[in-house]
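Have a look at the structure below before the remarks.
Letters A, B, ... mirror the listed sequences (proteins, then strands); counts begin at 1.
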Amino acid sequence: MSLQPASVRAPLIFKRLKRAYPDAHCELDYASPYQLLAATILSAQCTDKRVNLVTPALFERYPNAESLAMADPREVEELIKPTGFFRNKTKSLLGMAGGLLDRFGSSVPDRMEDLVTLPGVGRKTANVILGTAFDKPAGVVVDTHVGRVSRRLGLTRLSDPVKVESVLMKLFPQKHWTLLSHLLIFHGRRVCVARRPRCAECVLNDLCPSSEV
DNA sequence: ATCCCGAGGG
DNA sequence: CCCTCTGGAT
């Protein structure tokens with residue numbers, strides 16, 4: 001039983017995921033673009049749940065870019081240690097805050113080309129800020145979940161996140177890009193998990209070349 | 001290609 | 001024990 005091409009399955013995949021996860025959204029806790037930017041930097045190779053554990057204290061102590069830019073790195077390291085990569089992430093946070101202060105009037109820019117000039121901010125993080133904090137047209141956020149799920153679904157065989165993003169942008173209409181990211185992330189966390197995917201409970205198993213059902 | 005890093009699940 | 005978690009910089 002052969003599967004339809006990706007271009008035919010893509011709209012069905014979107015529809016099914018939307019029905020399965022009607023509440024799909026960014027699960028990082030934040031109250032401003034500044035907070036989302038900091039939380040997203042911390043989310044690298046770390047569950048969002050763990051990020052949410054450390055950000056309340058972090059945001060209370062450093063409520064804005066000014067205070068974070070002048071922070072004692074050792075103090076920031078202690079606050080964010082459970083998220084891993086704490087030395088790199090501290091450098092990114094302080095550098096990011098300094099960049100906002102020096103070059104963007106202490107506020108978070110809303111353009112891709114500006115965002116990626118900030119330390120610790122790559123294309124993935126910038127897409128999160130654009131799409132979620134500013135509700136602006138953004139590319140597809142390709143993180144570890146989106147990449148893995150896309151490959152298992154046979155939407156692409158590529159591993160380079162930038163190329164995967166390009167493929168997904170051709171398969172799905174622009175108005176769906178931000179929601180699609182959240183849907184694929186929810187699905188990757190709950191069902192299409194890295195270790196032992198739960199194909200039996202997957203709403204896409206008849207559309208998936210990797211299904212083991 | 002490699003490094004950074006802690007914590008939870010299987 | 002080994003793998004993985006909303007990556008980015010060198």
Side-chain angles (χ1 to χ4, degrees), chain A residues 17 21 23-30 33 35-55 57-58 73-74 76-100 108 112-134 138-153 155 158-166 168-169 176-201 212:
Chain A
L17 289 178
Y21 311 109
D23 61 333
H25 65 287
C26 175
E27 295 192 290
L28 295 170
D29 294 335
Y30 66 98
Q35 290 191 0
L36 180 60
L37 182 50
T40 307
I41 288 172
L42 292 178
S43 74
Q45 299 297 101
C46 174
T47 60
D48 50 356
K49 188 193 238 177
R50 185 160 302 281
V51 173
N52 291 338
L53 233 44
V54 310
T55 44
L58 185 71
R74 291 165 299 183
V76 176
E77 286 182 0
E78 283 310 309
L79 284 172
I80 70 168
K81 188 163 281 185
T83 68
F85 295 166
F86 60 90
R87 280 184 279 266
N88 281 354
K89 287 177 180 176
T90 294
K91 281 180 195 165
S92 295
L93 287 176
L94 268 63
M96 172 275 283
L100 294 185
V108 179
M112 169 67 71
E113 56 265 41
D114 290 333
L115 284 165
V116 295
T117 67
L118 297 165
V121 181
R123 189 174 176 83
K124 177 255 165 187
T125 300
N127 271 332
V128 171
I129 304 306
L130 290 173
T132 301
F134 293 123
V140 180
V141 175
V142 179
D143 60 7
T144 179
H145 295 301
V146 174
R148 178 183 67 250
V149 175
S150 297
R151 283 186 289 277
R152 282 189 180 152
L153 281 170
L155 301 182
L158 302 169
S159 54
D160 177 0
V162 177
K163 293 179 179 172
V164 173
E165 181 184 355
S166 169
L168 293 177
M169 291 192 296
H176 291 159
W177 288 351
T178 297
L179 178 56
L180 175 70
S181 306
H182 291 140
L183 291 172
L184 291 175
I185 290 165
F186 263 57
H187 192 57
R189 287 198 54 196
R190 287 160 177 68
V191 178
C192 197
V193 293
R195 196 86 67 98
R196 281 177 60 241
R198 305 183 180 115
C199 298
E201 328 171 7
E212 297 180 13

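Not counting sequence neighbours, the partners of Lys163(A) by the side-chain contact (heavy atoms from CB on, under 4.5 Å) test are Leu158(A), Asp160(A). For Thr40(A), the side-chain contact (heavy atoms from CB on, under 4.5 Å) partners are Leu28(A), Leu36(A), Ser43(A), Lys124(A), Thr125(A), Val128(A), Ile129(A), not counting sequence neighbours. For His182(A), the side-chain contact (heavy atoms from CB on, under 4.5 Å) test picks out Ala24(A), Cys26(A), Thr132(A), Thr178(A), with sequence neighbours left out.
As rounded to whole Å, 19 Å separates atom P of dC5(C) from atom CG of Asn88(A).
Rounded to whole Å, the P atom of dT10(C) lies 14 Å from the corresponding atom of dC5(B). Taking atom P in both dT6(C) and dC4(B), the straight-line distance is 22 Å, to the nearest Å.
If you check every strand for non-hydrogen atoms under 4.0 Å, Val121(A) touches sugar and phosphate atoms only. Across all strands shown, Lys81(A) has heavy atoms under 4.0 Å from sugar-phosphate atoms exclusively, and none from any base. Using a 4.0 Å heavy-atom criterion, one finds that Thr125(A) contacts the sugar-phosphate atoms exclusively.
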Would you be so kind as to tabulate the donor-acceptor pairs closer than 3.5 Å made by side chains of residues 79-89 of chain A, with sequence neighbours excluded?
unit_1: Lys81(A); atom_1: NZ; unit_2: Glu78(A); atom_2: OE2; d: 3.2
unit_1: Thr83(A); atom_1: OG1; unit_2: Ile80(A); atom_2: O; d: 2.8
unit_1: Lys89(A); atom_1: NZ; unit_2: Leu42(A); atom_2: O; d: 2.7
unit_1: Lys89(A); atom_1: NZ; unit_2: Ala44(A); atom_2: O; d: 3.0
unit_1: Lys89(A); atom_1: NZ; unit_2: Thr83(A); atom_2: O; d: 2.9
unit_1: Lys89(A); atom_1: NZ; unit_2: Gly84(A); atom_2: O; d: 3.4

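Ring centroids of Phe186(A) and His145(A) are separated by 6.0 Å or more, keeping the two rings apart.
Here the closest non-hydrogen pair linking Ala138(A) and Gly131(A) is CB-N, 3.7 Å. Taking each heavy atom of Arg148(A) and Val193(A) in turn, the nearest pair found is NE-C, 3.7 Å. Between Ile41(A) and Ser92(A) the shortest heavy-atom distance is CG2-CB, 3.9 Å.
Residues Leu28(A) and Val116(A) both approach DNA chain C. Their nearest nucleotides, taken by heavy-atom distance, put Leu28(A) toward the 5′ side. When each of Lys124(A) and Gly120(A) is assigned the nucleotide of DNA chain C with its nearest heavy atom, Lys124(A) is the one assigned upstream, toward the 5' end.
Using a 4.0 Å cut-off, some side-chain N or O of Arg148(A) falls inside it from OP1 or OP2 of dC5(C).
Contacts of residues 40-50 of chain A with DNA chain B (heavy atom under 4.0 Å): Gln45(A), Arg50(A). Near-neighbour residues of DNA chain B inside residues 180-197 of chain A, defined by a heavy atom below 4.0 Å, number-ordered: Arg195(A).
Residue ring and base: Phe85(A) counts as stacked with dC4(B) (centre distance below 5.5 Å, interplanar angle below 30°).
No salt bridge links Lys49(A) with Glu27(A); every basic N to acidic carboxylate O contact stays at or beyond 4.0 Å.
Distance from the side chain of His145(A) is smallest for dT6(C) among the nucleotides dT6(C), dG7(C), dC5(B).
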